[in-house]
Amino acid sequence: MTNAEVAACFEELADLLELEGANPFRVRAYRNAARTVAGLAESVETLVDEGADLTELPGIGKDLAEKIACIVHTGTLPQLEELRAKYPTGVLDMLKIPGLGPKKVAVLFRELGIQTLEELRAAAEAGRIAGLRGFGKKTEQSILEGIEHLQTAIARVYLAEAMPVAEAIREDIASLDCVDKAEIAGSFRRRKETVGDLDLLVTSTDSERVMDRLAENEFVEKVLQRGETKQRVRLRMGLEMDLRVVAPESYGAALAYFTGSKEHNIVVRRRGQERGLKINEYGVFRGEKRVGGKTEEEVYAAIDLPWIPPELREARREFEWAEQGRLPKLIELRDIRGDLHMHTTATDGTATIEEMIQGAKARGLRYIAITDHSKRVTMANGLDATRLRKHWKDIDRVRGRISGIDVLCGVECDILEDATMDLPDDVLAEAEFVVAVLHYGLKLPREQITRRLLTAIENPYVDAIGHLTGRLIGRRPGADVDYDTIMKAAADNGVMLEINAHPSRLDLDDLHAMQAAYDYGIPILINTDAHSVGGLDVMQFGVFQARRGGLEKRHVANTKPLK
DNA sequence: GCCGTTTTCGGCCCGACTGTTTTCAGTCG
Ligand SMILES: Nc1nc2c(ncn2[C@H]2C[C@H](O)[C@@H](COP(=O)(O)OP(=O)(O)OP(=O)(O)O)O2)c(=O)[nH]1
Ligand SMILES: [Mg+2]
Ligand SMILES: [Mg+2]
Ligand SMILES: [Zn+2]
């Protein structure tokens with residue numbers, strides 16, 4: 001039972017309770033529990049087995065602690081099963097339609113007995129929905145469009161994919177004379193690995209002009225919603241964008257609001273309440289009087305906290321840290337000196353040794369390791385001992401004529417399904433850098449995954465483990481890694497763990513990078529795994545993930561000089 | 001359902017947009 005699975009139970013229960021018309025704060029408690037569990041680096045299953053006191057976790061009381069234990073032991077909750085029996089899964093599907101929330105879905109289910117999206121479509125087409133209390137012709141029409149849209153709607157988008165579009169739109173809006181500031185906020189500013197939409201904050205005294213300009217932008221397909229201060233549009237790429245326009249004096253408060261996260265905002269506002277203040281997107285108010293909000297610093301100062309970096313604003317540990325003046329000084333891209341994982345045309349890269357070295361040098365790196373694939377990765381033309389030794393000779397020749405950057409003859413060695421290394425020790429011993437990885441057999445049971453990873457970690461020639469779980473964000477889950485065992489072994493054996501910076505990997509993720517660095521003292525590497533010169537530019541995404549995990553420069557080995 | 005040196009009961013963030021409504025509920029950010 002993974003943390004994600006436990007969290008999913010609570011999420012589903014929250015949705016079902018909402019349909020039942022339960023107390024919204026009780027529903028929130030379940031959602032908070034889901035978030036707490038999902039945000040835990042340690043496995044709740046282990047915690048339960050060890051008899052840990054779960055009520056020490058934020059938002060988990062006696063009741064929820066028992067429910068967690070019940071889910072871990074039985075896979076579900078009696079209460080959840082009862083509600084599932086009452087509301088078929090198709091009812092929950094209806095909640096995905098924009099504009100349909102728990103109240104409306106409950107009406108459709110109760111009054112018309114609608115249980116699936118198909119039945120909902122039929123009812124709307126037959127005109128049976130308009131006329132229900134709270135439903136009219138427009139709602140009926142928007143339901144039909146909503147069902148249609150669900151079929152083609154895109155999932156969350158990689159931050160890296162959203163970035164060029166976001167930046168282009170931001171610049172266009174910023175070029176208007178009436179615009180003071182334009183910033184992308186939301187999950188984008190918090191540097192989450194994927195974004196559900198883009199949130200553009202603009203300060204201006206002419207919101208009409210700003211909204212018109214966005215509506216005309218070449219990336220925009222359609223205006224979905226428009227009011228006095230905000231507009232929602234759908235971009236041609238499928239992603240949607242929220243535009244919020246406020247007056248310049250509200251910049252800080254609005255940026256804080258729109259950056260979120262939602263849960264972070266709730267804590268900020270609660271701390272405001274406790275101090276007799278009201279905090280909203282327009283400012284900080286004592287009664288009618290505005291007492292701050294021009295900058296984010298003012299907002300945080302009003303609740304007796306230092307400014308908190310956006311990457312940490314997830315209502316995890318940041319308030320505790322800020323309160324104690326222990327906010328980490330987060331690593332920055334410019335701290336990175338080396339990149340110890342990349343490929344060339346020797347295997348599945350598209351650039352030569354020389355091009356990769358020059359590319360790295362042009363990006364200001366002082367050292368790199370060239371780590372082409374080992375033979376098991378036949379698809380990528382992986383190298384056997386003979387070809388690898390020849391490749392290293394080639395690298396050695398090229399590095400000899402390029403000054404200003406150190407180049408290591410490395411290898412990305414597969415950890416085979418039978419828990420042996422893809423290359424013999426005598427070859428690995430000759431390597432100047434070895435990053436060991438799982439590529440195949442990711443679905444093997446936890447015990448075998450552990451055995452394989454331990455083989456690599458205990459191998460004297462392995463320097464680091466790359467993309468530990470092998471997850472591909474939004475496409476496939478990673479291997480079932482026993483983090484505690486693996487991290488303890490890595491710490492004991494002096495093996496580093498990688499944050500693979502590729503936008504679809506980011507593996508280690510933020511939570512486990514934090515666990516490795518803070519709980520186990522394991523040096524972290526942030527590597528690009530570049531397969532082309534341009535691939536070296538993804539380093540920033542690895543740094544973002546590290547920042548979200550609270551990592552400082554000191555935690556990251558490739559900020560240090562090559563020894 | 002959680003939580004607390006102001007509370008162990010009674011709060012729980014705050015506001016915009018839409019559509020349905022005759023004054024506001026629902027949904028969403
Ligand atoms: N105070 C407050 N702010 C909210 C609430 N919901 C959303 N926000 C703020 C914080 C969010 O980061 C910001 C943008 O909302 P989004 O729905 O786009 O969420 P976000 O960008 O965080 O994640 P996303 O990747 O879009 O799913 O609006 C809320 O219920 N209360
Ligand atoms: Mg967003
Ligand atoms: Mg949004
Ligand atoms: Zn690689």
Can you tell me the distance, in whole Å, between the [atom1] atom of [X] and the [atom2] atom of [N]?
X       : N       : atom1 : atom2 : answer
E18(A)  : dG1(B)  : CD    : C1'   : 14 Å
L54(A)  : dC3(B)  : CG    : P     : 12 Å
I279(A) : dG15(B) : CD1   : P     : 11 Å
K104(A) : dC28(B) : NZ    : P     : 9 Å
E56(A)  : dG4(B)  : CD    : P     : 13 Å
K137(A) : dT18(B) : NZ    : P     : 21 Å
L198(A) : dG29(B) : CG    : P     : 13 Å
F135(A) : dG19(B) : CZ    : P     : 14 Å

Between [X] and [Y], does any side-chain N to carboxylate O distance fall below 4.0 Å?
X       : Y       : result
E314(A) : R190(A) : yes
R226(A) : E208(A) : yes
R234(A) : D197(A) : no
R244(A) : E183(A) : no
D510(A) : R316(A) : yes

In terms of side-chain heavy atoms of [X], which of [options] is nearest?
X       : options                   : answer
R270(A) : dG15(B), dG1(B), dC13(B)  : dC13(B)
D197(A) : dG29(B), dG26(B), dA16(B) : dG29(B)
Q273(A) : dT27(B), dC14(B), dG1(B)  : dC14(B)
K230(A) : dC12(B), dG26(B), dC17(B) : dC17(B)
R28(A)  : dG1(B), dC13(B), dT27(B)  : dC13(B)
R244(A) : dA16(B), dC13(B), dC14(B) : dA16(B)
Q225(A) : dT20(B), dG1(B), dC17(B)  : dC17(B)
Y30(A)  : dG26(B), dG1(B), dG29(B)  : dG1(B)
T229(A) : dG29(B), dA16(B), dG1(B)  : dA16(B)

Counting any heavy atom closer than 4.0 Å, what does [X] reach on the DNA or RNA strands: base, sugar-phosphate only, or nothing?
X       : value
K262(A) : base
P24(A)  : nothing
R226(A) : sugar-phosphate
L64(A)  : sugar-phosphate
N23(A)  : base
D242(A) : sugar-phosphate
Y257(A) : base

### Message
Return the pairing partner of dC14(B) with a 3.5 Å limit on both distances, Watson-Crick or G-U wobble; otherwise return none.
### Response
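Across all strands, the one nucleotide that pairs with dC14(B) is dG29(B).
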
[N] phosphate, OP1 or OP2: any side-chain N/O from [X] under 4.0 angstrom?
X       : N       : value
N265(A) : dC13(B) : no
R232(A) : dC28(B) : no
T139(A) : dT18(B) : no

### Message
Using only modelled atom types and a 3.5 angstrom limit, is any donor from either the side chain of R269(A) or the base of dC14(B) paired with an acceptor on the other?
### Response
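Side chain to base: pair present.
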
### Task
With K67(A) as the cation and F10(A) as the aromatic partner, state whether NZ or CZ is under 6.0 Å from the six-membered ring centre and within 45° of the axis.
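No.
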
Please report the distance separating the [atom1] of [N] from the corresponding atom of [M], rounded so that it comes out in whole Å.
N       : M       : atom1 : answer
dG10(B) : dG15(B) : C1'   : 24 Å
dG26(B) : dT20(B) : P     : 14 Å
dC9(B)  : dC14(B) : C1'   : 24 Å
dC13(B) : dG29(B) : C1'   : 12 Å
dC2(B)  : dT6(B)  : P     : 24 Å
dC17(B) : dT22(B) : P     : 23 Å

### Query
In terms of the nearest nucleotide of DNA chain B, which residue is placed more toward the 5' end: Q231(A) or I60(A)?
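Looking at the nearest nucleotide for each, I60(A) comes out on the 5' side.
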
### Message
Both I266(A) and G99(A) contact DNA chain B. Which one's nearest nucleotide lies toward the 5' end?
### Response
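This one resolves to I266(A).
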
### Task
Determine the interplanar angle of the Y518(A) and H555(A) rings, folded into 0 to 90°, and report it as parallel if under 30°, tilted if 30 to 60°, perpendicular if over 60°.
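Y518(A) and H555(A): tilted rings.
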
### Query
In this structure, are over 12 heavy atoms from other groups packed under 6.0 Å from R476(A) atom CZ?
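Buried by this count: over 12 neighbours within 6.0 Å.
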
### Message
Checking understanding here: a glycosidic angle within 90° of 0 is syn, the rest anti, so what is dT21(B)?
### Response
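Anti.
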
